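Working notes, beginning with the structure itself.
These numbers come from a predicted model, not from an experiment.
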Amino acid sequence: MVSTVGKVRDVLQAAYPPELAEPWDAVGLICGDPDAEVTKVAFAVDCTHKVARRAVAMGAQLLVVHHPLLLRGVTSVAADTPKGKVIHELLRGGVALFAAHTNADSARPGVNDRLAELLGVTAGRPIEPKPQTLDKWGVMVPVADAEKVKEAMFAAGAGALGDYRECAFQFEGTGQFLPVAGANPALGQVGALEHVSELRVEFVAPTPARRAVERALRAAHPYEEPAFDIVQLANTVDIEQAYGIGRVGELDQPMPLKDFVQRVAERLPRTKWGVRAAGDPEKIVRRVAVSSGSGDSFLDAVRALDVDVFVTSDLRHHPVDEYLRAGGPAVVDTAHWASEFPWCAQAAGVVERELGLTTKVIDLRTDPWTISIK
């Protein structure tokens with residue numbers, strides 16, 4: 001089966017629902033034709049010009065990045081502007097560009113789950129959970145097509161309850177419809193009342209996945225106009241499984257802060273920025289909060305949590321000083337790029353499993369710092 005940019009987009013948006021993105025973010029397909037065929041997908045944190053050139057050279061038709069290229073508004077993408085140069089490089093090489101940013105930070109599993117896993121931390125609750133509700137769906141589908149439609153919706157994120165997947169309830173009935181002028185019915189003919197044996201399939205899905213589930217439903221359903229209803233349920237999601245940026249959990253084995261900092265340095269990709277920390281080197285670390293990327297906006301939230309250390313990036317002097325004087329736990333400051341690069345392999349795995357495409361993580365270090373003197 002031929003895969004397209006649009007199909008890869010659907011798979012990635014099912015894994016990282018765009019509804020989870022922060023209001024200021026700009027995620028999704030940045031450039032490229034959704035109908036263009038894809039056989040190879042490349043992954044990176046940033047779409048620099050070098051990364052774009054590498055994607056073209058390796059024969060990728062789609063580049064998936066974490067940081068949106070056009071996050072801050074521009075009025076021109078002319079080829080002699082910094083961002084325009086990148087866009088033109090991609091389009092000339094037949095490479096589309098897609099970004100999953102704060103939606104991938106909040107999704108489960110997402111950027112923060114991978115960071116926690118890498119550091120030996122159980123990926124529990126987010127630092128700041130997002131309000132999360134479930135949708136209850138009811139879909140009417142001809143009996144003969146029910147399995148195909150269910151399979152498509154489950155792949156889009158429907159039917160998950162705790163540690164169970166593909167959960168649904170169904171019962172049989174008779175549907176009827178009268179195609180009128182302009183209709184192109186899959187069953188019956190215009191002007192004739194049709195009666196069909198159908199199943200009503202009921203299941204739940206996270207509200208942020210609504211768009212992806214509906215798209216999958218419409219693509220798999222035989223009818224021009226599928227009949228379905230959606231009811232939003234009260235928020236009953238366990239905070240430990242909630243969406244949201246950051247993760248809080250237990251370390252696999254207690255250790256002094258100095259040893260934990262060494263572990264962070266050894267397990268994350270190396271950069272000139274390195275790893276630095278603030279806190280008592282001998283204090284035992286048992287419970288950890290992590291937030292990939294710039295995390296000093298979460299310092300107040302972390303201070304209210306029962307953790308021994310906070311691992312994040314891009315920490316600034318005054319916020320950290322005030323946080324520590326207010327009694328906050330130890331902090332570990334990593335390079336922004338290093339805390340997010342491990343997600344690339346996770347995202348590549350999603351595309352490989354769902355579509356069977358060839359994937360390649362571009363290993364160029366796009367961390368901007370190039371010199372460190374101690």
Side-chain angles (χ1 to χ4, degrees), residues 104-130 162-163 237-271 273-317 319-346 349 372 374:
D105 291 329
S106 287
R108 307 190 74 109
V111 183
N112 284 287
D113 298 276
R114 181 63 187 123
L115 175 60
E117 177 186 32
L118 197 62
L119 299 182
V121 178
T122 302
R125 57 159 290 175
I127 292 174
E128 290 187 345
K130 286 182 175 291
D163 293 328
V237 178
D238 181 353
I239 192 173
E240 291 295 313
Q241 299 299 320
Y243 294 134
I245 294 177
R247 296 291 181 263
V248 180
E250 301 297 322
L251 190 60
D252 54 7
Q253 61 182 73
M255 62 182 68
L257 175 63
K258 63 182 181 182
D259 293 342
F260 178 70
V261 175
Q262 183 64 40
R263 172 187 282 196
V264 174
E266 291 172 353
R267 295 191 178 184
L268 291 186
R270 289 187 175 276
T271 62
W273 175 282
V275 175
R276 58 184 181 176
D280 179 355
E282 302 301 328
K283 179 177 173 60
I284 300 299
V285 173
R286 294 182 174 86
R287 190 164 170 81
V288 180
V290 304
S291 177
S292 60
S294 302
D296 63 10
S297 64
F298 294 116
L299 288 172
D300 286 341
V302 168
R303 192 161 51 85
L305 298 172
D306 180 22
V307 298
D308 301 304
V309 64
F310 177 36
V311 181
T312 189
S313 307
D314 295 344
L315 291 174
R316 296 173 295 162
H317 174 93
V320 171
D321 176 59
E322 293 170 5
Y323 159 87
L324 293 173
R325 286 191 284 112
V331 292
V332 178
D333 187 27
T334 75
H336 189 126
W337 173 86
S339 71
E340 295 174 335
F341 179 74
W343 165 79
C344 294
Q346 181 202 78
S372 177
K374 298 179 181 179

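- For the atom pair CZ of Arg287 and CG of Leu251, the computed distance is 11.5 Å after rounding to the nearest 0.5 Å.
- Closest approach of Val288 to Val311, counting heavy atoms only: CG1-CG2, 4.1 Å.
- Screening residues 324-335 for side chain to side chain donor-acceptor pair (under 3.5 Å) gives Arg276-Asp333, Ser313-Thr334, Asp321-Arg325 as the qualifying pairs, with residues at least two apart or on separate chains.
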(Q) Let's go through Val275 and Val332 carefully: what are the C-alpha distance in whole Å and the side-chain angles of both, what is the deciding distance for side chain to side chain contact (heavy atoms under 4.5 Å, CB included) to 0.1 Å, and is it a yes or a no? (A) CA-CA 7 Å; Val275 175; Val332 178; 3.6 Å; yes
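- Here the shortest heavy-atom pairing between Ala330 and Tyr323 reads O-OH, 4.0 Å.
- Closest of all the heavy-atom pairs between Ala335 and Trp273 is N-CD1, 3.4 Å.
- Put simply, OG on Ser291 and CD1 on Ile127 are 4.5 Å apart, with the number rounded to the nearest 0.5 Å.
- Among residues two or more places apart in sequence or in another chain, the side-chain hydrogen bond (donor to acceptor under 3.5 Å, both in side chains) test is passed with Gln253 by none.
- A salt bridge does not link Glu250 with Arg286: none of the charged nitrogens is closer than 4.0 Å to a carboxylate oxygen.
- Contact between Ser106 and Lys130 at its shortest, heavy atoms only, is OG-CE, 3.3 Å.
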Q: Go through Thr312 and Ser339 one step at a time and tell me if the side chain to side chain contact (heavy atoms under 4.5 Å, CB included) criterion holds.
A: CA-CA 7 Å; Thr312 189; Ser339 71; over 6 Å; no
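- Considering CD1 of Ile284 and CG of Asp259, their distance stands at 8.0 Å, rounded to 0.5 Å.
- Judged as a salt bridge (charged side-chain N to carboxylate O under 4.0 Å, His left out), the pairs with a partner in residues 117-128 (not counting sequence neighbours) are, in order, Arg114-Glu117.
- Atom CG of Leu118 sits about 6.0 Å away from atom CG of Leu268, to the nearest 0.5 Å.
- Interatomic distance, Thr271 OG1 to Phe341 CZ, rounded to the nearest 0.5 Å: 12.5 Å.
- In this structure, the side chains of Phe260 and Asp308 stay at 4.5 Å or more apart for every pair of heavy atoms.
- Summarising the geometry of Val248 relative to Ala289, their closest heavy-atom pair is CG2-CB, 4.1 Å, with the distance given to 0.1 Å.
- One finds the CZ atom of Arg247 at 12.5 Å from the OG1 atom of Thr122 (value rounded to the nearest 0.5 Å).
- Asp105 contributes no side-chain N or O that, together with a main-chain N or O of Gly110, makes up a donor-acceptor pair within less than 3.5 Å.
- Within the 4.5 Å cutoff, no side-chain heavy atoms of Pro329 are placed close to those of Val309.
- Nearest heavy-atom pair across Arg267 and Leu119 is NH1-C, 3.8 Å.
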**Q.** side chain to side chain contact (heavy atoms under 4.5 Å, CB included) assessment of Ile245 paired with Asn112
**A.** CA-CA 7 Å; Ile245 294 177; Asn112 284 287; 4.1 Å; yes
